[in-house]
Amino acid sequence: MPELPEVETVVRGLQKSLPGRRITEVRLGKTDFIDDPAALAAALTGARMGGVSRVGKFICCELEANAGDGSQGARQYFLIHLGMTGQLRVHDAAQPAPPHTHCIFVLDDGRELRYADIRRFGRMRIVAESQMKHLRGELGTEPLEIGLEDFRARLGARRAMIKALLLDQHVLRGLGNIYVDESLFRARIHPMRVASKLSREQFAALRRAIRETLAAAIRLRGSSISDYVDSAGNRGEYQSHHRVYQREGKPCTRCRENIRRVIVAGRSSFFCPKCQPAPRRKKARRPARTRKMQEKELSQRAAAD
DNA sequence: AGCTCTTCCTGAAAGC
DNA sequence: TGCTTTCAGGAAGAGC
């Protein structure tokens, strides 16, 4: 699953191949994951690629203004989100395209930028400069750039479970299931803890854990769980360093306790029950009222009126 | 506000 | 063995 480290790795690879290249032809297969396929093909055919960057889990390819008609339109960007199984690779044109290759962008150097996506949870669109600003605005801060005070301010006022917040791209952009679980383990925080109840020290530890986890994963070019490969087709290596993710029933690397799995925010969440103590159970409420009791109350109230 | 459920999609793995 | 069912999950939207 491409999250920040995987997307960063892909972007670094594309940065070496794409800038300066012109797209001479666009071939589209299935297009249900593209906002406006005709507009995308029109914008990319003949376009020269500028810089490639990452915004959260989005890959942003800057397009230099279309030459030829002399139009000086606003700058445009080619945005790609890899979803679950998206792969953006640069191949020699002679190489056969693997199954589920839905887009081929023929480059002017004998190579092709190809997009393959088995489940088609990825997304593609062309946006103008103004929409790009809008995108940045609605997404949260980069987790590698956020300062401690900002981090606490963004999370500390919230009463949601910490894992749900870390997955929310409007809070921090770029984290997904793997790196949230790994970071929470590193910070010794249970995924179901309520954010506003974490201490100052825990926020500091969590921010540090996120930075260390992401940095280590980027260093090893991401985690290849199922389909992920970088722009050259290489797998990442961080998956062998996971300490909790998909390690249910296996011993914790710190304390040997068995790693457990719970569902939080609809996602499998792996944690060590000893290293990451569960939140204190909610205060026991008065025994739940049965339907009969409620009906009795209602009729009594009605009678009193 | 924040939780759960549903939808999109395919292939791997489990179940029978 | 081979078919059918279940599950995984990033993001968005509905409903509570």
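If you're wondering where the values come from, they're calculated on a predicted model, not measured in any experiment. To find a chain, count down the sequence lines: A is the first, B the second, and so on, and within it residues start at 1.
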Side chain of [X], backbone of [Y]: donor and acceptor closer than 3.5 Å?
X: A/Thr31; Y: A/Ile34; value: no
X: A/Glu237; Y: A/Arg221; value: no
X: A/Thr101; Y: A/Ala116; value: no
X: A/Glu142; Y: A/Gly56; value: yes

Taking only N/O atoms, report every protein-nucleotides 7-11 of chain C pair under 3.5 Å with atom names and distance.
| from | atom 1 | to | atom 2 | distance (Å) |
| --- | --- | --- | --- | --- |
| C/dA8 | OP1 | A/Arg261 | NH1 | 3.0 |
| C/dA8 | N3 | A/Arg119 | NH1 | 3.1 |
| C/dG9 | OP2 | A/Ser268 | N | 3.4 |
| C/dG9 | OP2 | A/Ser268 | OG | 3.3 |
| C/dG9 | N2 | A/Arg119 | NH1 | 2.7 |
| C/dG10 | OP2 | A/Arg267 | NH1 | 3.3 |
| C/dG10 | O3' | A/Lys57 | NZ | 3.4 |
| C/dA11 | OP1 | A/His81 | NE2 | 2.9 |
| C/dA11 | OP2 | A/Lys57 | NZ | 3.1 |
| C/dA11 | OP2 | A/Gln169 | NE2 | 3.4 |
| C/dA11 | N7 | A/Arg267 | NH2 | 3.4 |

Output field: ring centroids A/Tyr228/A/Tyr238 closer than 6.0 Å: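 Aromatic pair excluded; centres sit 6.0 Å or further apart.
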
Distance check needed: [N] [atom2] versus [X] [atom1], whole Å only.
X: A/Ile162; N: B/dA1; atom1: CD1; atom2: P; value: 18 Å
X: A/Met161; N: B/dG2; atom1: CE; atom2: P; value: 11 Å
X: A/Glu138; N: C/dG13; atom1: CD; atom2: C1'; value: 15 Å

Within residues 26-38 of chain A, residues whose heavy atoms come under 4.0 Å of DNA chain B: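 DNA chain B contact set from residues 26-38 of chain A: A/Lys30, A/Asp32.
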
Side-chain N or O of A/His100 closer than 4.0 Å to phosphate OP1/OP2 of B/dC9: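 A/His100 to B/dC9 OP1/OP2: no side-chain N or O under 4.0 Å.
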
Heavy-atom neighbours of A/Arg159 CZ exceed 12 at 6.0 Å: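 12 or below, so no.
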
Pair A/Glu8 + A/Arg12, salt bridge at N-O below 4.0 Å: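 Looking at A/Arg12 together with A/Glu8, the answer is yes, because their closest N to O distance falls below 4.0 Å.
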
Test salt bridge (charged side-chain N to carboxylate O under 4.0 Å, His left out) applied to A/Arg260 and A/Glu248, step by step: CA-CA 5 Å; A/Arg260 298 252 309 268; A/Glu248 183 181 16; over 6 Å; no

